[in-house]
Amino acid sequence: MSVIVRDDGFHNDDFTGASLDIAPETDAGYLPALIEGAEMIRVLFPTFSDGRGFSLARRIRALGYTGRLRAAGPLIADQYAMARRVGFDEVEIPPELAERQPQAQWLFRADWAAHDYRARLAG
């Protein structure tokens, strides 16, 4: 069973509705029709080095989607801040990754809004 990462740490998956999976190679032109009415969208990341899902998330939010948006795949804790900045609400990781990168490593990056370089420049 996957581990869900949010700003307050690790969780079990609590979503019971129907979710829509978006593959990283999805043509952004099809997004408006795909996401209409979706309760939750899971943007799939086949590897941590495939960043196309970040672009898709930004585009999905720009289209006005306000539902739950989840990054799903082997992202690493260092990518958590970027995931949150582009609009993901949470990250779904495999249990093996949660063992290698325990909750403390993810919580260290959970204050993602305060550590944005733009916030430091504005200060």
Side-chain angles (χ1 to χ4, degrees):
M1 185 164 174
S2 296
V3 175
I4 306 303
V5 183
R6 296 188 188 118
D7 290 350
D8 61 349
F10 286 179
H11 298 270
N12 292 321
D13 193 352
D14 61 355
F15 186 76
T16 58
S19 65
L20 168 69
D21 288 354
I22 302 282
E25 63 273 6
T26 300
D27 183 331
Y30 294 114
L31 287 176
L34 287 173
I35 67 174
E36 187 176 335
E39 292 179 53
M40 180 175 74
I41 298 173
R42 293 174 67 237
V43 177
L44 306 178
F45 285 78
T47 67
F48 76 91
S49 61
D50 188 340
R52 296 175 290 174
F54 294 116
S55 299
L56 285 171
R58 174 65 75 193
R59 181 70 186 263
I60 289 167
R61 289 297 188 200
L63 289 168
Y65 181 74
T66 58
R68 189 184 278 190
L69 187 57
R70 178 184 291 177
L75 294 181
I76 58 176
D78 288 342
Q79 294 172 302
Y80 185 72
M82 173 62 81
R84 293 290 284 130
R85 282 189 198 107
V86 299
F88 285 111
D89 297 304
E90 57 197 20
V91 176
E92 177 183 335
I93 60 173
E96 307 81 48
L97 179 58
E99 288 179 28
R100 286 194 316 272
Q101 289 197 311
Q103 179 172 271
Q105 291 183 25
W106 294 84
L107 287 173
F108 181 75
R109 288 147 184 92
D111 196 8
W112 57 274
H115 298 293
D116 182 15
Y117 76 93
R118 293 171 290 190
R120 289 194 308 268
L121 292 175

Name every donor-acceptor pair, under 3.5 Å, that has one atom in a side chain of residues 37-46 and the other anywhere in the protein, sequence neighbours excluded.
from	atom 1	to	atom 2	distance (Å)
R42	NE	E92	OE1	3.0
R42	NH1	D21	OD1	2.8
R42	NH1	D21	OD2	2.9
R42	NH2	E92	OE1	3.4
R42	NH2	E92	OE2	3.2

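With E36 contributing its side chain and A33 its backbone, the two residues share no donor-acceptor pair below 3.5 Å. Judged purely by atom type and a 3.5 angstrom limit, W106 uses its side chain to pair as donor or acceptor with the backbone of Q101. Counting only distance, with no hydrogens or angles, the side chain of R59 and the backbone of F54 share no donor-acceptor pair below 3.5 Å. The backbone N or O of L75 lies less than 3.5 Å from no partner atom in the side chain of Y80, so there is not a single donor-acceptor pair.
A salt bridge links D14 with R68: the distance from a Lys NZ or Arg NE/NH1/NH2 to an Asp or Glu carboxylate oxygen falls below 4.0 Å. A salt bridge is absent between R84 and D111: the closest approach of a Lys/Arg side-chain nitrogen to an acidic carboxylate oxygen does not fall below 4.0 angstrom. Salt bridge D50/R52: present, at least one basic N to carboxylate O contact under 4.0 Å. Salt bridge annotation for D78-R109: present, with a cationic side-chain nitrogen under 4.0 angstrom from a carboxylate oxygen.
Contact check for I76 versus I93: no side-chain heavy atoms found under the 4.5 Å cut-off.
Across all their heavy atoms, L34 and L20 have their closest contact at O-CD2, 3.2 Å. Of all heavy-atom pairs spanning R70 and F15, the tightest one is NH2-CB, 4.1 Å. Across N12 and M1, no two heavy atoms sit closer than the pair CB-CE, 4.3 Å. Nearest approach of P74 to F48, heavy atoms of both residues: O-CB, 3.1 Å. Counting all heavy atoms, side chain and backbone alike, D89 lies closest to G67 at OD2-O, 3.4 Å.
Taken together through direct or relayed side-chain contacts under 4.5 Å among Ile, Leu, Val, Met, Phe, Trp and Tyr, L107 and F10 form parts of separate hydrophobic clusters.
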